[in-house]
Amino acid sequence: QSFFKPIQGASPQSPTSQITKITVVGVGNVGMAIAQTILTQGIADEIALVDVNVDKLRGEMLDLQHAAAFLPRTKISASIDYSNTTGSDLVIVTAGARQITGESRLNLLQRNLALFSKVIPPLAAKSPDTIFLIVSNPVDVLTYVAWKLSGFPSNRVMGSGTNLDSSRFRFLIADHLDLNAQDVQAYIVGEHGDSSVALWSSISVGGVPILSFLERQQIAYEKQTLEKIHKKVVESAYEVISLKGYTSWAIGYSVASLARTILRDQRSIHPVSVLAKGFHGIDGGEPFLSLPAQLGRNGVLGVTNVNLTEEEATQLRVSARTILEVQAQLGI
Ligand SMILES: NC(=O)c1ccc[n+]([C@@H]2O[C@H](COP(=O)([O-])OP(=O)(O)OC[C@H]3O[C@@H](n4cnc5c(N)ncnc54)[C@H](O)[C@@H]3O)[C@@H](O)[C@H]2O)c1
Ligand SMILES: O=C1N[C@](c2ccsc2)(c2cccc(Nc3ccc(F)cc3)n2)CC(O)=C1Sc1ccccc1Cl
């Protein structure tokens, strides 16, 4: 006996073509912050969780399911293999080996390369039309690895790149100028992390380039102020790690904003790690670096022709060379 008397012709089954499904690989601090934000914002109809830690995986699935009374209806599943991931519209990869104290970044990269070699091919096989969004670090090189291992066209493989760096940059600028961070357009590009590149000329507040904004507000323009803020983007990452041992909320919101832009075909522009070959004089090799990219239902729709100063373009090319040197050591 059903609760409802059926209406002629109405089927309780939703057509699968209209179901939006996201797979999150890795249910650690980052993966669960991303999943929780996607759930809260009603971005997906289905969330499939994957991890190798069976108990954590089931525990996180149950704990999220138990919040159903307060959330948009979303099917939440979990599997240690990839059985539940079939037909995903977006696959977000946060699985990663933790950097062991004193471990070299290259060694960590080798361990994550081995991990990706086991994870990416079956995910791609179960969802051959999906879009990969890589978050695991070192994110730029691992996005390249995912692209190579998946065999997908480059528009369907991106990394969160400097999306988090840029969101911290926007917060710090807004905090410094007593503004709403959503009104601050500011892009950090290039390599995610310690060696990112701040596009000073791209910073605008309510459509007003920040340099003239500062002059109009009689705020003494000091390039070193903005440079200090960019430096603080890096310092704050280390500060959060030293205080709480990991980062989660900011990366969770920043990756969920990418998921929404992609799955709702918003065609918004985000700084994400893309195949940078052919942009801004980056010609040798296949480096993935962050550039302001237009995102939509088919992944990376285009890269903006943002004007770079000679210094910015040079920094970007240096980053590309650094990434290529690391990629060359991977042998893939
Ligand atoms: N790109 C960015 O801006 C950014 C920001 C923060 C963190 N990160 C990166 O995100 C990654 C995850 O960070 P975290 O704090 O969530 O780490 P974590 O250790 O809390 O979680 C990692 C999870 O991956 C799982 N895992 C390991 N091997 C797996 C496999 N083969 N298949 C599926 N799952 C597997 C682990 O069981 C664990 O649950 C790290 O690489 C971190 O550096 C990136
Ligand atoms: O907010 C973070 N936290 C992490 C973190 C989270 C859990 S353990 C470490 C972080 C914080 C500080 C340094 C650092 N370095 C690192 C470099 C390469 C790797 F493969 C792994 C980690 N990583 C991971 C990460 O990428 C970030 S953003 C970040 C990091 C450094 C500089 C600027 C930014 Cl915007």
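Computed from a predicted structure; not experimentally measured. Counting starts at 1 for both ligands and their atoms, in listed order.
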Checklist entry - Between F169 and H230, how do the two ring planes meet: parallel, tilted or perpendicular, split at 30° and 60°? => result perpendicular
Checklist outcome for this item: ligand 2 to P138, heavy atom cutoff 4.0 Å, flagged ligand atoms 20 (F)
Next on the checklist: Is it the case that atom NZ in K75 sees more than 12 heavy atoms from other parts of the structure closer than 6.0 Å?
Outcome noted: no
Checklist entry - If you measure from each non-hydrogen atom of V240 to ligand 2, which part falls under 4.0 Å: side chain, backbone, both or neither? => result neither
Item to check | Shortest protein heavy-atom distance from atom 7 (C) of ligand 2, along with the residue and atom involved | outcome: I241 CD1, 3.7 Å
Checklist entry - For ligand 1, is K56 a contact, meaning one of its heavy atoms is under 4.0 Å away? => result no
Next on the checklist: Is it true that T130 and K126 share a donor-acceptor pair across their side chains at a distance under 3.5 Å?
Outcome noted: no
Next on the checklist: Check this for me - ligand 1, Y82, N or O atoms closer than 3.5 angstrom, yes or no?
Outcome noted: no
Checklist entry - If you measure every N/O of Y246 against every N/O of ligand 2, is any gap under 3.5 Å? => result no
Item to check | Geometric N/O contact N112 with ligand 1, under 3.5 angstrom | outcome: no
Checklist outcome for this item: re atom 20 (F) of ligand 2, the protein heavy-atom contact at minimum distance is L108 CD2, 3.1 Å
Checklist entry - So which bit of V119 gets within less than 4.0 Å of ligand 1, heavy atoms only: side chain, backbone, both or neither? => result side chain
Next on the checklist: Ring-plane angle category for F288 and W147, please: parallel below 30°, perpendicular beyond 60°, tilted otherwise.
Outcome noted: tilted
Item to check | Within 45° cone of F152 ring axis and under 6.0 Å: R156 NZ or CZ | outcome: yes
Checklist entry - What protein heavy atom sits nearest atom 33 (C) of ligand 2, and how far away is it? => result G193 CA, 3.6 Å
Next on the checklist: Considering non-hydrogen atoms of the protein only, which is the closest contact for atom 35 (Cl) of ligand 2, and what is the distance?
Outcome noted: R168 NH1, 3.2 Å
Checklist entry - Which of the listed options, L164, D194, L109, holds the heavy atom that is closest to atom 31 (C) of ligand 2? => result D194
Item to check | Cationic N near anionic O, under 4.0 Å, D194 to R105 | outcome: yes
Checklist entry - Which one holds for I251 and ligand 1: side chain close, backbone close, both close, or neither close, with close meaning a heavy atom under 4.0 Å? => result side chain
Checklist outcome for this item: The answer for which part of N29 has a heavy atom under 4.0 Å from ligand 1 is both
Item to check | Polar atom proximity, D51 to ligand 1 (N or O, under 3.5 Å) | outcome: yes
Item to check | Residues D45 and R73 bridged, charged N to O under 4.0 Å | outcome: no
Checklist outcome for this item: re atom 3 (O) of ligand 1, the protein heavy-atom contact at minimum distance is H192 CE1, 3.3 Å
Checklist entry - Below 4.0 angstrom, N of the basic side chain to O of the carboxylate: do R317 and E310 qualify? => result yes
Next on the checklist: Below the 3.5 angstrom mark, is there an N/O of S160, backbone or side chain, next to an N/O of ligand 1?
Outcome noted: yes
Checklist entry - Is there a nitrogen or oxygen of N137 sitting under 3.5 Å from a nitrogen or oxygen of ligand 2? => result yes
Item to check | Protein residue, atom and distance nearest to atom 17 (C) of ligand 2, heavy-atom basis | outcome: R105 CZ, 3.5 Å
Item to check | Side chain, backbone, both or neither: N137 near ligand 1, heavy atoms under 4.0 Å | outcome: both
Next on the checklist: With nothing but distance in play, are any N or O atoms of A95 less than 3.5 Å from an N or O of ligand 1?
Outcome noted: no
Next on the checklist: So, regarding V135 and ligand 1 (criterion: nitrogen or oxygen to nitrogen or oxygen, under 3.5 Å), is there a contact or not?
Outcome noted: yes
Checklist entry - Which heavy atom of the protein is the closest neighbour of atom 29 (C) of ligand 2, given with residue, atom name and distance? => result A237 CB, 3.5 Å
Item to check | V25 and ligand 1 - part of the residue with a heavy-atom distance under 4.0 Å | outcome: side chain
Next on the checklist: Judged on heavy-atom distance to atom 28 (S) of ligand 2, which of R111, H192, E103, E235 sits nearest?
Outcome noted: H192
Checklist entry - Starting from atom 2 (C) of ligand 2, which protein heavy atom do you reach first, and at what distance in Å? => result T247 OG1, 3.4 Å
Next on the checklist: Please list the nearest protein heavy atom to atom 22 (C) of ligand 2 with its residue and the distance rounded to 0.1 Å.
Outcome noted: Q99 OE1, 3.6 Å
Next on the checklist: Tell me whether E60 is salt-bridged to K56, with the criterion being a basic N under 4.0 Å from an acidic carboxylate O.
Outcome noted: yes
